[in-house]
Number of protein chains: 2
Amino acid sequence: MARSESGGSSRTATLSDVARLAGVSLATASKAINGRDQVAAATRRRVIEAAESLSFTPNALARSLTAGRTGTVGLLTSDLEGRFVIPILMGAEDAFGAGQVNVFLCDARGDAIREQHHLKALLNRRVDGIIVVGRQTDPRPSLGHDLPVPVVYAYAPSDDDTDVSVTPDNVTGGRLAAEHLIATGRRRIAHISGDPAYAAAQDRTVGVQAALADAGLELVGDVLYSEWTEHWGRDASALLLASHPDVDGIVCGSDQIARGVLDTLRDLDKRVPEDVAVIGYDNWEVLATNSRPELTSIDANLKQLGRAAAMRIFDAIDGAEPATGVQYLPVRLVIRGSTIPRR
Amino acid sequence: MARSESGGSSRTATLSDVARLAGVSLATASKAINGRDQVAAATRRRVIEAAESLSFTPNALARSLTAGRTGTVGLLTSDLEGRFVIPILMGAEDAFGAGQVNVFLCDARGDAIREQHHLKALLNRRVDGIIVVGRQTDPRPSLGHDLPVPVVYAYAPSDDDTDVSVTPDNVTGGRLAAEHLIATGRRRIAHISGDPAYAAAQDRTVGVQAALADAGLELVGDVLYSEWTEHWGRDASALLLASHPDVDGIVCGSDQIARGVLDTLRDLDKRVPEDVAVIGYDNWEVLATNSRPELTSIDANLKQLGRAAAMRIFDAIDGAEPATGVQYLPVRLVIRGSTIPRR
DNA sequence: CTGTTAGCGCCTTCAA
DNA sequence: TTGAAGGCGCTAACAG
């Protein structure tokens with residue numbers, strides 16, 4: 001176990017230790033170390049040297065106590081398992097990490113009590129702001145407005161329109177997917193999606209339908225909803241092909257579903273993309289780049305979403321009164337072999 | 001944006017506000033709130049009421065300043081992308097979260113400079129301990145021994161044997177996998193793995209070989225090493241079956257590889273598990289439970305590993321001098337349809 | 001049982 | 001340019 005007891009003066013050095021060693025007062029030492037300009041160059045050098053020789057590290061707690069700001073932000077997630085949370089978290093950590101901000105990670109595991117508990121802990125620690133990250137795009141309960149720090153909701157927007165929320169634009173995502181299939185010449189397009197209780201499923205469908213309508217097309221069959229799994233993708237596409245063997249394009253609600261669809265098409269000796277084009281959703285690389293053929297998909301830019309959330313927090317800390325309501329962030333099409341033949 | 005300005009007294013209440021409102025001294029208020037037993041019941045009630053009416057929250061920073069402990073721990077990861085880091089992080093967050101400890105998350109993104117930077121920040125914030133989480137099981141450079149707080153290395157052990165490290169037991173994992181195939185009656189067993197530069201690949205192979213040797217068997221062909229991908233799984237198994245068509249069991253170095261293997265076996269009209277049994281590694285549920293048939297795999301119990309790391313930190317904070325060196329944590333076999341026929 | 005008095009480690013006036 | 005003093009919010013001795 002790493003412990004410093006090596007030296008002898010076990011206690012970590014404080015500023016007054018530095019001051020004493022440098023032969024100056026506490027105030028001067030403070031100024032010297034913080035780069036204040038009211039200190040002689042020689043004095044500063046002496047102080048810095050003393051600090052280094054004692055391997056002095058300023059106590060951020062003490063500093064925060066007077067400063068009023070801690071340079072910390074709470075990341076309150078309801079579900080760390082979810083693979084959507086991680087990129088968002090990375091984006092946020094990224095945006096903050098560049099500066100002087102550190103992130104407290106709290107996983108409430110979908111439990112409102114635990115969430116409340118963590119919230120309280122974060123406030124006790126005087127975080128400068130809080131990002132709430134949900135695992136679905138369905139609106140979630142607001143933490144309320146009587147909090148002493150700014151709050152931003154990411155992925156799962158707040159159900160309160162006077163809160164600040166950022167979430168991916170699933171409607172446009174669905175639209176992009178369908179428009180891409182249309183652009184590659186498909187006319188008999190079907191849609192297989194996941195759990196219809198998810199806002200994500202509904203929103204994407206809206207986008208798909210809108211794109212088809214704009215092109216004067218109609219969806220082949222009804223939207224097939226069930227689960228976000230490969231199994232469902234296999235079953236649904238078998239069902240679909242049985243009743244509509246002339247389908248030439250399938251928009252899938254997730255990459256997992258799309259993987260299942262690819263499996264079934266292969267079993268049925270349909271060529272992808274020549275006979276049927278398939279597009280997934282989420283751009284989950286490990287799934288999308290390992291399929292045969294590789295999977296075209298919609299990427300929600302989650303890392304950027306996390307960064308955007310961090311920016312909102314920054315703005316709020318800096319005193320700006322940001323626009324409330326839900327902001328829908330752009331998604332992007334990633335084209336691979338499942339919609340365009342490789343040459 | 002949620003702000004408290006609703007009330008009027010914008011500043012968050014402090015203990016002396018509470019004391020004043022309750023008509024007692026600061027010290028008494030402190031005792032009342034912290035459940036000290038030297039305070040009259042009635043007084044305590046009054047103080048608590050005052051605190052509530054002011055929605056007072058104790059300032060953890062001020063408290064930590066005197067206490068010497070902050071109740072925070074740093075989680076220093078080199079690579080948040082990695083899917084191994086997350087469960088470990090969850091396990092740790094879990095173990096801590098139950099108590100009064102909060103976790104600072106820092107992602108160094110594989111950059112030593114950034115890691116050093118984060119380390120310094122964590123020390124400035126006076127964390128009570130640090131968990132370093134790597135993305136591979138290969139040993140990583142030690143942070144050194146001149147740190148004022150305990151450090152535990154998880155997943156990627158420290159290359160310094162006087163540090164404390166916890167990592168999954170890959171050798172036993174490989175052994176478990178091979179033993180399971182042997183137990184199901186397989187005798188012509190091959191091994192397809194990932195990048196041979198990974199300790200994980202080497203360790204698992206050692207376990208596989210040992211199990212075979214114990215059973216008086218030899219590996220069919222050489223170990224096939226390349227990448228941890230489905231593509232490689234497909235290619236390698238095609239290669240394998242071409243030269244050794246009589247193989248009846250394949251130990252795979254990862255679930256991704258195993259998925260590729262299943263694909264190829266299906267293309268070659270081999271039945272799994274009747275003709276060939278396949279076992280993966282990692283028990284990555286989304287891959288393992290969506291394949292046809294579902295994939296038997298080895299689970300590294302990463303959540304528990306995270307918990308174990310947290311425990312080591314607790315112990316060290318409580319003053320115990322924990323055993324140094326690398327501790328190998330048990331893994332477990334998860335049996336599904338790819339090795340045992342469903343009835 | 002309650003209140004007074006010192007700090008914890010640092011920063012910031014304000015004098016010298 | 002330097003130093004002395006006060007305070008951030010709280011807790012822990014001590015007295016009363």
Side-chain angles (χ1 to χ4, degrees), chain A residues 9-48 50-51 54-72 100 121 123-128 148, chain B residues 9-48 50-51 54-72 100 121 123-128 148:
Chain A
S9 72
S10 57
R11 200 174 46 79
T12 66
T14 121
L15 188 57
S16 54
D17 295 334
V18 175
R20 197 176 317 122
L21 182 60
V24 298
S25 79
L26 221 122
T28 307
S30 170
K31 288 168 195 157
I33 287 199
N34 293 338
R36 290 269 171 284
D37 53 352
Q38 318 138 327
V39 70
T43 313
R44 162 161 299 139
R45 204 170 319 112
R46 248 187 316 137
V47 172
I48 304 251
L54 293 173
S55 58
F56 163 79
T57 39
N59 185 324
L61 284 85
R63 189 173 276 182
S64 304
L65 198 54
T66 24
R69 296 182 311 93
T70 54
T72 61
Q100 303 302 315
L123 294 178
N124 287 350
R125 295 201 187 283
R126 296 298 188 263
V127 294
D128 296 334
Chain B
S9 69
S10 56
R11 199 174 47 79
T12 67
T14 122
L15 188 57
S16 54
D17 296 333
V18 175
R20 197 176 317 121
L21 181 59
V24 297
S25 80
L26 207 78
T28 306
S30 171
K31 288 168 195 157
I33 287 197
N34 292 337
R36 290 267 171 286
D37 54 350
Q38 318 136 326
V39 70
T43 313
R44 162 160 300 138
R45 205 170 319 114
R46 247 186 318 138
V47 172
I48 305 250
L54 293 173
S55 57
F56 163 79
T57 39
N59 186 324
L61 283 83
R63 190 174 276 181
S64 303
L65 199 53
T66 23
R69 295 182 312 95
T70 54
T72 62
Q100 303 301 312
L123 294 178
N124 286 350
R125 295 202 188 282
R126 297 296 189 263
V127 294
D128 296 333

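A note on names: the letters A, B, ... follow the listed sequences, proteins ahead of strands, and every chain is numbered from 1.
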In whole Å, what is the span from the [atom1] atom of [X] to the [atom2] atom of [N]?
X: B:Asn59; N: C:dC8; atom1: CG; atom2: P; value: 18 Å
X: A:Leu61; N: D:dC8; atom1: CG; atom2: C1'; value: 12 Å
X: B:Lys31; N: C:dT2; atom1: NZ; atom2: C1'; value: 6 Å
X: A:Asn124; N: D:dC10; atom1: CG; atom2: C1'; value: 13 Å
X: B:Leu26; N: C:dA6; atom1: CG; atom2: P; value: 15 Å
X: B:Arg126; N: C:dG9; atom1: CZ; atom2: P; value: 9 Å
X: A:Leu15; N: D:dG7; atom1: CG; atom2: P; value: 20 Å
X: A:Arg20; N: D:dG3; atom1: CZ; atom2: P; value: 14 Å

Candidate nucleotides [options], ranked by approach to the side chain of [X] - the nearest:
X: A:Val24; options: C:dG9, D:dG3, D:dC10; result: D:dG3
X: B:Arg63; options: C:dC11, D:dC10, D:dG3; result: D:dC10
X: B:Leu65; options: C:dG9, D:dC10, C:dC11; result: C:dG9
X: B:Thr28; options: C:dT2, C:dC8, C:dC11; result: C:dT2
X: A:Thr14; options: C:dG9, D:dC10, D:dA4; result: C:dG9

What parts of residues 32-43 of chain B reach DNA chain D, counting only heavy atoms under 4.0 Å away?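 Listed by number, they are B:Asn34, B:Arg36.
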Tell me the bend of the helix from C:dC1-D:dG16 to C:dA16-D:dT1 as the angle between end helix axes, each from five pairs, rounded to the nearest 10 degrees.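 Roughly 50° between the end axes, to the nearest 10°.
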Is B:Ser25 close enough to C:dG3 that one of its side-chain N or O atoms is under 4.0 Å from OP1 or OP2 there? yes
Any side-chain N or O of B:Ser30 under 4.0 Å from OP1/OP2 of D:dC10? no
If you round to the nearest 0.5 Å, how far is CZ of B:Arg46 from OG1 of B:Thr28?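 CZ of B:Arg46 is found 9.5 Å from OG1 of B:Thr28.
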Look only at the side chain of A:Ser64 and the backbone of A:Ala60, and say whether a donor-acceptor pair between them is shorter than 3.5 Å.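 The answer is yes, because a donor-acceptor pair under 3.5 Å joins these two groups.
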Residue closer to the 5' end of DNA chain C, B:Ala62 versus B:Ala27 (nearest nucleotide): B:Ala27
